[in-house]
Amino acid sequence: MNKKMKTSIQLIALLLIASTMTSCKKDEPEEELPTEYDNGYIGQMMILNEGAFGNGNGSVDFINPSTGERTADVFNKANNQPLGDVVQSAFRYGNQIFIVVNNSQKIEVVHPASFKRIATITGVQSPRYILPVSSSKAYISDWGDNSVKIVSLGSYSITGSIPVNQNGPEQMAATAGKLFVVNGGGFSDDSTVTVIDIQTDQVITTLTVGVNPNSIVKDENGKLWILCGGDVGLDWTGGTADDIAGSLYRINPDDYSYELIISLAQDEHPLKLTIKGSKLYFLKGISGFEGEPMVMNITDTALPSVPLISKTMYGLGVNPDNGDIYGCYSPFFGQSGYIFRYSHTGGLMDSVKAGIAPSAAIMNK
Amino acid sequence: MKKQLGLFFICVLLSAAVKAQQDTVWLKTAEITAGRMKLFAAGVRAESSDSLVQQLFAGESLSMIPFSPSLVVKDYGAGGIATASIRGMEARHTAVFWQGVPLRTASLGLTDLSLITAGPETEISLYKGSVTSLFHTSTSGGALILKERLPFNTALRAKVRAADASFGRRQVGVELVTGSDKLAVSTGADYLNSKNDFPYINNTKAGNPKERLAHAQENRFSAKAAARWQVNGGSELHFAAWYQFTNRNIPPMMIQNISRSSQKDSSFRVVIGWRKSAGWWSWQITSAWMDEHQRFDDSLSGIYSKNNNKMLFNEGAVIISLGRQISSRISVVYSHNEFNFREYNGRKYFDEWSLSNAWSLDREKFRSSISSRIMSRNGSFIPVSFSAGTNTILMKDFTLRASISKSVQLPTGNDLFWHPGGNPGLKAEHAFSAETGFDFNVLAFAEAAITAYQISVDNWIQWIPVSGGLYAPENIRKVNSRGIESIIKIPVQWKEFLFKTEFKYNFTKVVNRSSGQLLANDILHKQLIYIPESSYSVAVNLIYRDLTLWFYYIYTGLRFTTADHSYYLPANHLAYGAVSFNISGKNISVQPYLRVGNLFDFTYQIIPYHPMAGRSLLAGVKINFNHK
């Protein structure tokens with residue numbers, strides 16, 4: 001072999017070595033994962049990170065309320081699979097957590113301690129919320145065909161579908177043998193609540209409320225509170241002349257009477273109503289997608305004049321043990337958000353990084 | 001991985017072991033031969049596609065053709081779009097030209113490579129770096145230039161192609177080429193039907209089931225015709241027309257169960273020109289008309305979208321030669337772009353004028369050029385773009401290249417008019433770039449080149465959340481891209497064997513220098529999404545008499561999918577192979593060939609959760625009539 005050849009082989013070998021080096025990776029120490037037999041994530045705040053639509057990077061984190069430490073992407077860690085997107089909502093019922101993943105057209109059922117998958121419910125098109133009403137039956141609201149799906153919790157399969165004949169069935173509440181489904185408008189507008197008999201799965205009646213109801217909770221007196229976002233108008237930005245104001249309704253679920261109606265100002269569009277004891281929490285903003293955390297008592301007849309926290313959030317949650325408020329902050333669907341923790345009086349306690357587009361904080365108990 | 005490296009080693013050792021000879025028939029490194037590029041783009045290096053690859057991939061879309069690690073294709077897979085990025089820039093910074101006319105739609109500001117097909121008579125060239133001032137369209141990252149070959153003095157040749165491939169893919173194509181000393185004509189058509197129902201392991205679902213891609217069928221038809229006619233001394237008319245339609249279903253992502261999305265695209269493009277040479281000066285006029293329709297339906301999400309882009313393009317240019325060494329080109333372009341989206345609240349338009357002037361000095365060991373362009377859109381003047389470059393032969397087989405440029409990237413129709421969010425107050429992006437490099441021969445038989453570049457973009461347009469769920473574009477970022485590109489070509493001839501090996505390596509570091517976004521610190525100085533830092537390719541071609549073997553391997557490094565690097569896709573290793581054999585008769589040759597895609601059956605994704613096909617086989621035959 002002549003000298004030229006040698007040199008060329010050396011050159012090529014060098015190139016090879018350089019290129020293969022790029023694929024070398026250090027092994028990371030394995031994290032010890034909780035099992036079903038210990039407390040695992042129970043008693044921690046569950047953070048739902050929506051993920052970016054179509055990117056499959058939705059996730060669930062847990063924040064330990066005692067230490068403030070975050071455990072990221074627990075579904076992926078427990079099951080070695082991504083959760084999908086958009087992580088729309090979650091509900092704990094007994095020893096199961098139901099995670100509704102909208103664009104992935106599924107509901108993952110996991111163990112609350114280990115987050116190991118128990119089952120996956122499919123057969124839905126654009127699921128939004130799930131509400132178990134017994135150990136054998138749950139309902140799923142589905143934008144895909146404007147229906148409420150009936151789920152057998154024995155087989156984790158869809159056993160029926162109830163058309164609501166309205167737009168965008170959204171959050172649900174069950175009381176007095178009836179299921180109340182707010183119809184949030186989906187890709188258009190709506191202003192109704194569909195009432196379904198849980199025994200027969202028949203639509204009993206349809207109630208009219210404010211424009212685009214987005215959330216519903218039952219208070220300790222058995223009354224239903226319905227938050228209506230209103231409409232931001234054709235310009236999508238809110239705060240303009242074509243806005244339709246948001247509103248808050250209290251309804252008696254027995255006779256469907258309207259006990260209280262609070263109209264917000266024209267450019268106020270509330271969302272994400274949640275309840276802890278006698279206090280209602282929600283976000284109020286001008287865009288209809290985010291807002292500042294508000295708090296009011298269920299005995300109040302008017303909204304507070306100022307928000308509890310002067311920071312615009314994409315979602316929120318309340319620790320039922322101590323009233324701490326978890327504000328979900330999402331700067332951009334292309335990067336991680338943050339969780340800001342406040343005391344029940346609104347004082348900032350700490351903050352921690354979250355996943356992509358954190359949108360809700362729910363106590364895992 | 002071991003298998004890939006093993007094969008790679010064998011190829012490398014083979015290439016080095018075979019004795020080199022000086023009388024190689026390796027084709028000269030491809031340089032852009034279009035007039036304005038050859039004369040006025042000194043200091044900038046180009047790559048052109050290998051003619052063998054073009055034969056093997058004739059009739060395929062540009063996104064399917066293995067080309068170069070310099071061209072980063074963001075491919076959504078079967079049924080999805082595919083866009084190109086060069087030197088860390090985005091798809092909107094990459095221009096695609098056909099017959100000298102931009103294909104980028106004014107509304108979207110990008111070209112979907114999955115809709116652009118290349119026949120065996122289409123020359124494809126990749127121009128890296130900005131040559132904005134030579135064109136009417138910005139090319140901050142680079143440009144792909146497509147040109148139909150039209151040789152004079154060619155007897156009538158006909159080529160018929162048919163292929164059957166994995167996953168229900170069938171394609172047929174035909175080309176006719178002829179040329180007298182005055183008239184050259186070529187025409188061709190391609191039809192493709194593919195189920196794209198490839199199997200894949202769905203690791204996003206319980207039990208990692210093996211699934212087949214569903215709802216991914218694609219139909220495509222493309223017909224082209226081109227002609228040039230030398231009318232009389234120095235005067236030439238040229239014409240090209242291209243009709244294409246593509247109907248495709250868009251499959252569900254791995255994280256989904258069903259999809260009801262589909263997209264239909266159709267386009268008609270025609271270019272007519274006249275050029276005349278009169279001794280020391282020549283002139284040319286070109287007119288083009290392009291009409292593109294797209295319809296997207298998704299009954300699941302309730303999205304039904306129709307859009308239409310039309311463009312009238314007129315260019316007049318004069319080239320003057322001042323002696324043997326100095327040339328100048330002056331061109332005036334007028335284009336009218338009309339586009340109609342439901343989300344624009346009606347039809348919008350861009351009326352654009354540009355005036356460009358370029359000068360070149362061409363001496364025996366020194367070639368340099370300088371060019372500038374001023375432009376207006378809808379009556380508003382756009383800042384000047386310019387470039388300057390030089391090629392200097394420092395010694396035998398050693399040439400220095402250097403160039404600088406400033407280019408101006410205008411906002412797209414979507415940026416300005418999309419409702420909601422469109423921002424009519426957007427400013428143009430400004431990109432400053434500089435590059436330098438060397439072309440040299442190694443050991444007298446191998447060609448090599450190395451280039452280092454830097455691009456700095458101000459007023460980078462980024463869609464960001466401005467109010468709740470509403471996104472709007474803002475001139476919010478400053479982006480820096482710098483990198484190194486290298487290439488080594490080793491041709492070896494031994495007896496009747498011709499062995500060609502080509503290595504390309506790219507390093508690209510592209511980061512946000514500053515951003516006015518919320519929590520900007522989490523994304524600053526981090527590699528931009530979908531741009532690999534490192535990528536390289538190896539192409540090996542062995543020709544023995546009528547037998548041809550081809551192997552291509554490309555490594556694409558890790559790519560981040562979120563701006564803060566919280567998510568990424570691992571590196572991928574793709575290999576292709578082909579074998580073809582030529583059986584020649586008196587007036588006919590038959591060429592059966594076998595092509596393998598994703599040779600090592602590597603599981604990979606280019607966009608998260610959009611599955612890509614594993615190993616695929618394509619068996620085809622080409623029949624060339626009157627091939628000599």
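Chain A is the first sequence line, chain B the second, and so forth, proteins listed ahead of strands; every chain is numbered from 1.
The greatest number of non-hydrogen atom pairs below 4.5 Å with chain B, out of A:D73, A:N103, A:D145, A:D85, is found for A:N103. With chain A as the partner, the residue from B:I607, B:I258, B:I529 showing the most heavy-atom pairs under 4.5 Å is B:I258.
Aromatic ring centroids of A:Y338 and A:Y329 lie 6.0 Å or more apart.
Listed by first then second residue, pairs satisfying salt bridge (charged side-chain N to carboxylate O under 4.0 Å, His left out) with a partner in residues 97-110 of chain A read A:K106-A:E108, A:E108-A:R117, not counting sequence neighbours.
Relative to the six-membered ring of B:F445, B:K489 misses at least one condition, a distance below 6.0 Å or an angle of at most 45° to the axis.
Considering B:S534, B:P532, B:S535, B:S486 in turn, B:S535 is the only one that fulfils the side chain to side chain contact (heavy atoms under 4.5 Å, CB included) rule with B:N506.
For B:Q462, the part sitting under 4.5 Å from any heavy atom of chain A is the side chain, from C-beta outward, and nothing else. A:L83 does not touch chain B: none of its heavy atoms, backbone or side chain, sits under 4.5 Å away. Of the two parts of A:S126, neither the backbone nor the side chain holds a non-hydrogen atom closer than 4.5 Å to a non-hydrogen atom of chain B.
Interatomic distance, OG1 of B:T556 versus CD of B:E533, reported as 13.5 Å (0.5 Å rounding).
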